[in-house]
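The basis for the numbers below is simple: all heavy atoms, side chains too, and nothing from hydrogens, waters or symmetry mates.
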Amino acid sequence: MKDKRVVFMGTPEFAVPVLESLIKETNVVLVVSQPDKLVGRHQTLETTPIKKVALDNGIEVFQPEKIRKDYDKVINANADIIITCAYGQIIPKAILDNPKYGCINVHASLLPKLRGGAPLHKAIIYGEEETGITIMYMDEKMDSGDIIAQESTKILDTDNVGTIHDRLSLIGAKLLMETLPSIFEGTNERIKQDESKVTYAYNVSREEEKIDFNKTSKEVFNQIRGLYPFPVAFTTLEEEIIKITESKMTESTKGIAGEITEITKEGIVVKCLDKSIEITRLKPSGKKEMTARDFLNGYKGNLIGKRFM
């Protein structure tokens, strides 16, 4: 496949194994990534992970503000195939129609489930038992193109967004490399998505990060791990924002939603709609992440009967 000219489009860490595999096996002639962003208190300009890989390998990088208006460089690259993975912008039809072998996307869900920009988070938040990678042809609609190949993985209660991110990132790279030869040979599958089974995974809003203890303990448990390590679920205690990073479910049914009903050796038991969760790790505002026990050791007063709101 070294004779095939590839344009790769991606931005975050998730896409790095895919790009690294393509660099080894194909001729990547151009990498397209989102613009670098100012981050942190000091507004430092941060290079995207994909840009770093491209530059380390001597590959030209293109970072348009809006790819739908600024795409001539992509067209002029004369790619045989364009491959995207977590790029973050809608690809215009002029690009989609350009390469000989089409535009292929590596998507982090088992389509038609969880179309959109946050499939890793929403798979856990929605309580899915499995997720996976879909290799698909791109079209003008979001994640609606024909499916070429899929590989699934179980979602365990011990998983969070971080573990699913790392696992699917590697699966995506492996599955793409296994699938590309059939695309170039014209022997690949092309399966229409079942529109009756479509669900969506839109980007996580600030409102979705706030914990609602009026939901079931399972839903709250899924929300916490579905938002860790980024962007992290939060609640408030005495008007202070507390980020909750780890919890487990318990059978306790006493109390009202959000009420702290018990302090254990490992954490803080909080009532949900049905049963309770036990918060085991958290991050108070302005402080580092810590165990619930460390938080309790530094807390002045009695937490029993107080409520997370």
Side-chain angles (χ1 to χ4, degrees), residues 12-14 108 118-131 153-169 201 204-255 257-299 301-309:
E13 192 69 36
F14 183 84
L120 300 173
H121 300 81
K122 298 299 176 69
I124 298 175
I125 292 170
Y126 293 165
E128 299 285 349
E129 294 183 356
E130 66 175 7
T131 186
T153 183
K154 294 290 184 185
I155 299 177
L156 309 175
D157 280 352
T158 52
D159 278 320
N160 56 38
V161 164
T163 61
I164 291 294
H165 171 283
D166 293 349
R167 195 151 77 239
L168 288 187
S169 181
V204 176
S205 66
R206 180 62 173 171
E207 292 75 18
E208 290 175 302
E209 294 172 26
K210 192 174 192 304
I211 298 170
D212 181 1
F213 288 100
N214 287 295
K215 293 184 177 181
T216 66
S217 58
K218 181 69 171 178
E219 288 175 314
V220 173
F221 172 71
N222 286 344
Q223 180 184 9
I224 291 168
R225 64 199 185 97
L227 294 173
Y228 184 78
F230 54 90
V232 187
F234 75 94
T235 183
T236 59
L237 179 64
E238 299 173 320
E239 299 185 352
E240 179 186 358
I241 291 177
I242 307 285
K243 293 185 176 183
I244 310 300
T245 61
E246 186 179 89
S247 70
K248 57 185 178 181
M249 293 179 287
T250 81
E251 295 298 314
S252 174
T253 59
K254 62 183 178 182
E259 182 182 357
I260 299 171
T261 61
E262 186 181 353
I263 301 299
T264 69
K265 290 181 179 180
E266 293 186 31
I268 303 166
V269 178
V270 185
K271 179 66 167 59
C272 301
L273 177 65
D274 53 350
K275 298 178 182 179
S276 301
I277 62 160
E278 183 178 353
I279 296 169
T280 54
R281 292 187 67 84
L282 46 76
K283 184 184 181 301
S285 182
K287 297 181 180 179
K288 294 182 178 180
E289 182 182 350
M290 62 184 70
T291 65
R293 176 48 57 188
D294 285 342
F295 172 77
L296 291 165
N297 288 340
Y299 185 83
N302 182 19
L303 278 174
I304 300 296
K306 293 184 178 180
R307 291 181 69 190
F308 286 109
M309 301 296 289

task: Measure from the side-chain N and O atoms of Arg225 to the backbone N and O of Asp159, and report whether any donor-acceptor pair falls under 3.5 Å.
output: yes

query: Sub-3.5 Å donor-acceptor pair from the side chain of His121 to the main-chain atoms of Ala201, do we have one?
result: no

field: Nearest heavy atoms of Glu13 and Ser169, plus distance in Å
entry: O-OG, 4.3 Å

field: Donor-acceptor contact below 3.5 Å, side chain Thr236 vs main chain Met309
entry: yes

task: Take atom CD of Glu240 as the centre, draw a 6.0 Å sphere, and report whether it contains more than 12 heavy atoms from other residues, nucleotides or ligands.
output: yes

query: Taking the side chain from Asn160 and the backbone from Pro229, do they hold a donor-acceptor pair closer than 3.5 Å?
result: no

- prompt: Under 6.0 Å from the NZ atom of Lys210, do we count more than 12 heavy atoms belonging to anything else shown?
  reply: yes

- request: From the options Glu246, Glu289, Glu266, select the one residue that forms a salt bridge (charged side-chain N to carboxylate O under 4.0 Å, His left out) with Arg281.
  value: Glu289

task: Would you confirm whether Thr264, through its side chain, and Gly267, through its main-chain N or O, come within 3.5 Å as a donor-acceptor pair?
output: yes

query: What closest approach, in Å, do Leu237 and Phe295 show between heavy atoms, and which atom pair accounts for it?
result: CD2-CZ, 4.3 Å

- prompt: Is a side-chain N or O of Ser276 found less than 3.5 angstrom from the main chain of Ser252, in a donor-acceptor match?
  reply: yes

Nearest atoms (heavy-atom pairs only) where Val161 meets Gly226: CG2-O, 2.9 Å

